[in-house]
Structures are given as structure tokens and as C-alpha cells.
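Every chain is numbered from 1 and lettered A, B, ... according to where its sequence line falls, protein lines coming before strand lines. Please read these numbers as outputs of a predicted model, since none were measured by experiment.
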Number of protein chains: 2
Amino acid sequence: MEASKPDTATRILDVSERLFVEHGFEGTSLRMITQQAEVNLAAVNYHFGSKDALFESVFMRRLAPLVAACLAELDRLEAKQEAAVVEDLVMAFIRPCLALSRDPSKGGALFVRLLSRTLVENHRLLRETISQQYSVFVHRFAKAFKEVLPWLGEEELAWRMHLAFGIMFNAFAGNDVLKIFVRSQVVTARDPDMIVKHLLPFVVAGLVAPAQG
Amino acid sequence: MEASKPDTATRILDVSERLFVEHGFEGTSLRMITQQAEVNLAAVNYHFGSKDALFESVFMRRLAPLVAACLAELDRLEAKQEAAVVEDLVMAFIRPCLALSRDPSKGGALFVRLLSRTLVENHRLLRETISQQYSVFVHRFAKAFKEVLPWLGEEELAWRMHLAFGIMFNAFAGNDVLKIFVRSQVVTARDPDMIVKHLLPFVVAGLVAPAQG
DNA sequence: AAGCGTTTCAAACTTACGTTTTAATTTGAT
DNA sequence: ATCAAATTAAAACGTAAGTTTGAAACGCTT
């Protein structure tokens with residue numbers, strides 16, 4: 001009669017991902033999680049140890065594959081004959097995000113939202129655990145961008161990447177600041193292809209813009 | 001011996017602003033606030049009624065002047081003889097943000113961070129109270145951008161504004177996604193003038209980019 | 001079927017939260 | 001100086017949080 005549910009730990013991860021996105025870490029209680037996951041309250045501490053550890057599991061389940069996919073895209077570009085252009089590098093990040101957004105079994109677009117939430121909430125997890133582990137992500141992109149935008153200085157390039165990745169993350173996370181002031185039509189209909197269509201020209205133009213005198 | 005402190009309500013507002021930014025709404029307790037503000041626990045409920053109402057007071061103390069300043073910039077542009085260019089409109093938003101960032105008595109850059117936090121936390125306050133009240137902010141900017149970027153369609157323009165304001169808010173809020181992966185030099189030294197120097201060319205280039213076929 | 005490690009369950013524990021209450025204190029006008 | 005109002009103070013209230021506990025139920029090998 002009923003589709004066989006995933007096991008307890010997976011159900012907890014799935015529900016937690018959604019709730020952490022909706023209500024944040026502090027705003028999500030273990031009782032909300034275990035109730036919606038239809039598991040016992042103690043199951044979280046049994047399987048993950050603590051609420052903190054649960055959050056880390058939720059986060060890492062998505063981050064590791066996403067980073068790996070981006071690095072694979074960069075590998076693919078380096079292997080090609082022709083030199084990469086800015087658009088290629090931007091797509092090397094966007095494509096994995098898109099794949100994530102389109103696959104509900106991978107949490108759909110939830111993780112990018114979780115990531116942006118985690119970012120502004122400034123978790124210990126980000127400050128301590130991850131920074132070191134995935135620094136290769138930034139270094140690879142930085143190296144690639146440096147080759148494609150050779151006329152930009154070190155500092156200028158760092159800023160461009162900061163701005164470009166910021167805008168890309170926000171686009172996929174659906175963080176619309178204007179919705180503060182008015183019901184926005186842009187974000188409510190969040191079709192991944194639409195995001196790319198409008199995001200790509202914007203971010204590429206910003207990256208290749210001449211530096212300020 | 002001691003500089004005369006501001007009154008109780010103001011001390012609560014100042015401390016709350018900082019703590020709400022650092023720990024979020026749910027993550028900030030009234031006991032943290034009252035302890036750091038050196039006031040009695042009951043003072044919050046006495047002066048503001050509830051934690052929710054306190055948050056609204058904290059938020060509105062900054063938002064109202066910021067919006068007013070932006071609208072004044074737009075008024076100034078309309079009063080001028082020459083037609084405005086994209087850069088003028090961008091600066092019409094950036095200038096008040098800069099003023100906010102430079103004046104510690106106005107909370108410095110704290111409010112933009114609070115705003116971005118409140119955004120991802122998706123507060124009732126934003127969904128219900130503010131949307132209606134400050135819709136003029138978006139409409140005025142939309143009208144101005146439409147005149148400056150006449151070749152963009154309705155939908156395209158909405159996306160450009162979404163992306164542009166997103167990136168500007170994030171730049172001032174200091175939300176650096178790359179810091180997830182590596183200790184970023186960009187944001188740690190957050191000089192307002194540096195922000196403008198690097199932000200302005202990027203966002204202007206993105207706004208005026210040719211639309212995707 | 002028995003035994004054993006793993007998982008689930010209901011219940012309780014400790015702590016911290018937002019809020020309320022009631023009394024003490026300060027303030028300001030007469 | 002006095003009195004009423006406004007403010008501060010200390011304590012307690014009820015609720016909900018994360019975590020822990022010990023027994024019951026389950027799954028698997030023998």
C-alpha cells in the first residue's frame with residue numbers, strides 16, 4: 001500500500017534539510033524534525049550524536065558532491081584543446097548547481113538555500129571545519145579566472161570572484177532582497193533555466209568589465 | 001568618570017541590533033540582550049512589549065531613514081537637467097548605504113547585515129508589515145531603471161534589478177560565499193570605499209549587458 | 001528457537017526561554 | 001515636601017528546548 005520509506009537516518013536527513021532551510025538551525029527543534037520524519041525523538045541523538053552533528057551531516061551530504069562536480073567541470077575545461085572563456089568558468093559552477101536544482105532526490109534547490117542561510121548565520125561549521133577542507137575549490141577557480149582575465153590585478157580579481165559567486169549563490173538560493181519591499185514575480189517562479197538565462201549575461205558582463213580607474 | 005549612557009530603550013536597541021546580526025532572531029535571547037545592555041530583564045517587555053516588537057523597532061529605526069535617503073537621491077536625479085545614467089541610479093542606492101556604513105552612531109554597516117539576515121530568515125515582519133509600506137522604493141527604482149535601460153523588456157528588467165540589488169546588499173552586508181572555502185581577504189578588510197570601487201563597475205556592467213538571445 | 005547486537009520507544013531530566021507579576025525606586029510637577 | 005506616574009528591580013511562571021536513560025522490539029546468525 002505504502003511506498004517503502006528510506007531508513008531512519010535518511011528520513012531524518014531529508015526532513016532536517018528542509019526544516020533547516022525553512023526555519024534555520026536555531027529555529028528548528030529536534031521535535032519538529034522527528035515528528036515530521038515519523039521517528040522517535042531519541043533517534044537523532046542515537047544516529048548522529050547531537051543536533052550540531054546532525055547539521056554537519058545534512059550539510060556535508062550535499063556539499064561534497066557539489067564541490068566535486070565543480071572541480072570535474074574545471075578538469076574537463078583544462079582537458080579541452082581550446083582555451084576556456086569566462087562563460088565556461090561561470091558555467092562550471094552553474095551547471096552543477098543546476099543539476100542539484102533539478103534533481104529532487106538530491107534535495108532540489110534546497111541545499112543552495114541552506115548554504116546561503118548557513119552563511120549569514122555564520123555557523124561554527126563554516127568557520128572551523130569546512131574552510132580548510134575545500135580551499136581547493138577557490139584556488140582552482142581563482143587560477144582559472146586568472147588565466148581568462150589576465151588584465152585584472154590580484155585584488156581586483158578577488159573582488160570579482162567574491163561578487164560573481166555571491167550573485168550566483170543568491171540567484172540559486174532565491175534570495176530576493178526586493179521582496180522586502182514588494183511581492184516579487186522574479187523569485188516566486190523559480191525555473192532553473194530562467195535563472196541561467198538571466199544570470200549568465202549579468203555575471204559575465206560584471207566579470208569582464210574594465211577595472212575602475 | 002563614566003560617559004553618560006543613553007537611556008534604557010536606546011541601550012536595548014543598540015545591543016539588540018548587534019546581537020540580532022551576530023546570532024539571528026531565534027539565536028538571541030532577551031537575557032543576552034539585557035545583560036549586555038546592563039538593564040533589567042523585564043525592561044524589554046516594559047519598553048517594547050515583546051521580543052517580536054523589539055525586533056521590529058530595531059529594524060525600522062534603520063530602514064525608514066535608509067529608504068527615505070534613497071528616495072531623496074532619486075528626487076535629486078529627477079530634478080537635474082541632464083538625464084540620469086545607470087551609474088547614477090546605482091549610486092542612488094549605494095550612497096545612502098555608504099553613509100550608513102560610515103556612521104557608527106547609526107549602527108555602521110550592521111543594519112545591512114541585519115537586513116540580509118532577516119531576509120534569509122524570512123521573518124513575518126518582512127512578509128507582512130514592510131512589503132506594503134515600502135513598495136514605493138521598488139517602484140521608483142523600477143521606473144527610473146526603465147528609462148535608463150529602455151531596450152530591456154519587463155521581465156528582463158525585473159531580473160536585472162533583482163540581481164543588481166542582491167549583489168549590492170551582499171557586498172555591503174559582507175556576505176562572502178567564498179569564505180566558506182577559504183579565509184577571504186576581500187571581506188575581512190571591509191573598507192566602504194573599497195566596496196564601491198569594486199562593486200560599482202561590476203554591477204553597472206551587469207545591468208547594461210545585452211540581453212540573452 | 002535461542003542468543004545477541006542493533007535499533008526503537010516512552011519517559012524523564014536539566015536547562016533556558018519569553019513573559020508576567022508585584023514590589024521598590026526614581027522622576028517630575030505642584 | 002508630596003504625591004502620582006513612570007521606571008527599574010527581583011523573582012517566579014509555564015513552556016519548550018537538547019539530551020539521557022533503561023526497557024522493549026527487532027533482525028540476524030547459529
Short side-chain N/O contact from [X] to OP1 or OP2 of [N], under 4.0 Å:
{"X": "B:Thr8", "N": "D:dT8", "value": "yes"}
{"X": "B:His47", "N": "D:dT8", "value": "yes"}
{"X": "B:Ser29", "N": "C:dA16", "value": "no"}

[atom1] of [X] versus [atom2] of [N]: gap in Å, rounded?
{"X": "A:Lys51", "N": "C:dT15", "atom1": "NZ", "atom2": "P", "result": "19 Å"}
{"X": "B:Asp7", "N": "D:dA6", "atom1": "CG", "atom2": "P", "result": "16 Å"}
{"X": "A:Asp52", "N": "D:dT19", "atom1": "CG", "atom2": "C1'", "result": "12 Å"}
{"X": "B:Leu30", "N": "C:dG18", "atom1": "CG", "atom2": "P", "result": "4 Å"}
{"X": "B:Glu38", "N": "D:dA10", "atom1": "CD", "atom2": "P", "result": "13 Å"}
{"X": "A:Asn45", "N": "C:dT7", "atom1": "CG", "atom2": "C1'", "result": "14 Å"}
{"X": "B:Arg31", "N": "D:dA17", "atom1": "CZ", "atom2": "C1'", "result": "13 Å"}

Problem set entry | Candidate nucleotides D:dA6, C:dC9, C:dT19, ranked by approach to the side chain of A:Asn40 - the nearest |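 Of all the options, the side chain of A:Asn40 is nearest to C:dC9.
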Problem set entry | Per B:Tyr46 side chain, nearest of listed nucleotides D:dT20, C:dT19, D:dT8 |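 Nearest listed nucleotide: D:dT8.
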For this session: Determine the contact category for A:Thr28: base if any of its heavy atoms lies under 4.0 Å from a base atom, sugar-phosphate if only primed atoms, P, OP1 or OP2 are that close, otherwise nothing.
Result: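 The residue A:Thr28 makes sugar-phosphate contact but no base contact.
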Exercise. Once the angle between the rings of B:Trp159 and A:His198 is folded into 0 to 90°, is it parallel (under 30°), tilted (30 to 60°) or perpendicular (over 60°)?
Worked result: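 It falls in the parallel class, under 30°.
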Problem set entry | Plane angle bin for B:Phe165 and B:Phe141 - parallel if under 30°, tilted between 30 and 60°, otherwise perpendicular |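 Ring orientation, 0 to 90° scale: perpendicular.
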Exercise. Say you draw a straight line from CD1 of A:Ile167 to NE2 of B:His162; how long is it, rounded to the nearest 0.5 Å?
Worked result: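 Atom-to-atom, A:Ile167:CD1 and B:His162:NE2 are 8.0 Å apart.
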For this session: Let me know, please, whether A:Ala42 or B:Leu41 comes out on the 5' side of the other along DNA chain C by nearest nucleotide.
Result: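 Nearest nucleotide further toward 5': that of A:Ala42.
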Problem set entry | Donor-acceptor contact below 3.5 Å, side chain A:Thr34 vs main chain A:Leu30 |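 Yes: the side chain of A:Thr34 pairs with the backbone of A:Leu30.
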Problem set entry | Heavy-atom closest contact (A:Pro201 atom, B:Ala209 atom, distance) |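 Taking A:Pro201 first and B:Ala209 second, the nearest heavy atoms are O-CB, 3.9 Å.
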